[in-house]
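Below is one structure, written out as structure tokens, with a few remarks after it.
Each ligand, and each atom within it, is numbered from 1 in the order the structure gives.
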Amino acid sequence: MIKADKIWIDGKLVAFDDAKVHVLTHALHYGVGVFEGIRAYKTADGRSAVFRLKEHVQRLYDSAHIVLMEIPVPPERLEQACVEVLKANKLDAGYLRPLAFFGAGAMGVGAGATNPVQVMVAAWPWGAYLSEEGLKKGIRAKVSSFTRMHVNVNMVRAKVSGQYVNSFLATREAAMAGYEEAILLDTEGYVAEGSGENIFIVKNGVLQTPPLSAPVLAGITRDSVLRIAKDLGVPVKEEKFTRDSMYLADELFMTGTAAEVTPVREVDNRRIGKGEPGPITKRIQDTYFKAVRGEEPRYREWLTPY
Ligand SMILES: Cc1[nH+]cc(COP(=O)(O)O)c(CN[C@@H](CCC(=O)O)C(=O)O)c1O
């Protein structure tokens, strides 16, 4: 059970157990909440830093804009709240969860649009999302029987709570079949992304990931990995690929704030490459972890120290 001392909600830090909402909260019924996942890490200088805080908070406001939601505080105030809640919980590293949502008031799908918008930020310690072993040795994944929604079904530039039912069904199906994560195809049958991650393959030294015109979240980790790959001199293609191209990949990994850079060693019971994290995956993973810990000066602008 996730636990912390304080949560920041509607402008105030309150005790964890007092951060409650009414059962007729619109978002609870209709899924119109927008959220972020942001990580803070201990850094080499003995302090801590939030990774790409500005970009994450901007994406939260973009998500709100897409669902016609006015978040009642400015982005700068929410950035401050993220740092406040890390400090209030004495977290020198951890995971931040900002969430803005239509609160209680009118019921009815559209009527809730006039309900007050609440906004909160929680923070807690969160280790390897897909296990430490997964980070080191790679995970086993399966292609889901659930399809990633069409770009005019899911708002793919937004992280909307209700859109995660698709991810929940996919990742639960994978887990119940003995796999660690699901990979979802798009409505045309091309590989889209994981239930909570973007996906990359490596073939003959070229790194490939679906373009942002695919039904994938514009991942901030994805963006960081593309920049790191370029700096490492790894050629990159942002092009769709098929599930069987994934089977034939030399390397495969997933990226996300929670998942970080997690290698995938097997998909649908087919070994990927040598069945272990490949050389390019390891170079990117190592550089990513150096970047989040402030050990790579060229990525310093990604860090908000606290
Ligand atoms: C569908 C999806 N695709 C890609 C990503 C990667 O985006 P980014 O974090 O900006 O690199 C995430 C983040 N998934 C978040 C939620 C995880 C959860 O279980 O909740 C996360 O990684 O924080 C997604 O939810």
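Using a 4.0 Å heavy-atom cutoff, Arg97 is listed among the residues neighbouring ligand 1. Contact analysis leaves Glu36 out of contact with ligand 1, as no non-hydrogen atom separation drops below 4.0 angstrom. Heavy-atom distances between Arg59 and ligand 1 reach below 4.0 Å in at least one pair. Taking a 4.0 Å cut-off on heavy atoms, Ser224 fails to register as neighbouring ligand 1.
Within the 4.0 Å heavy-atom criterion, the part of Arg148 lying near ligand 1 is the side chain and not the backbone. At a heavy-atom cutoff of 4.0 Å, ligand 1 is contacted by no atom of Ser167, backbone or side chain.
A salt bridge is defined here as a Lys NZ or Arg NE, NH1 or NH2 lying under 4.0 Å from an Asp or Glu carboxylate O, and Arg227 with Glu301 meets this definition.
The neighbour count for Asn269 CG, taken as heavy atoms of other residues, nucleotides or ligands under 6.0 Å away, is above 12.
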Which pairs of donor and acceptor atoms, one on a side chain in residues 91-102, lie under 3.5 Å apart (sequence neighbours left out)?
residue	atom	partner	partner atom	Å
Tyr95	OH	Arg97	NH2	2.8
Arg97	NE	Glu36	O	2.8

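The contact set between ligand 1 and Asn198, taken as ligand atoms under 4.0 Å from a residue heavy atom, comprises 4 (C), 6 (C). Heavy-atom contacts of Tyr95 reach the following atoms of ligand 1: 16 (C), 21 (C), 23 (O) (cutoff under 4.0 Å).
For ligand 1, none of its N or O atoms has an N or O atom of His56 under 3.5 Å away.
The single protein non-hydrogen atom nearest to atom 19 (O) of ligand 1 is Tyr129 OH, 2.5 Å, given as residue, atom name and distance.
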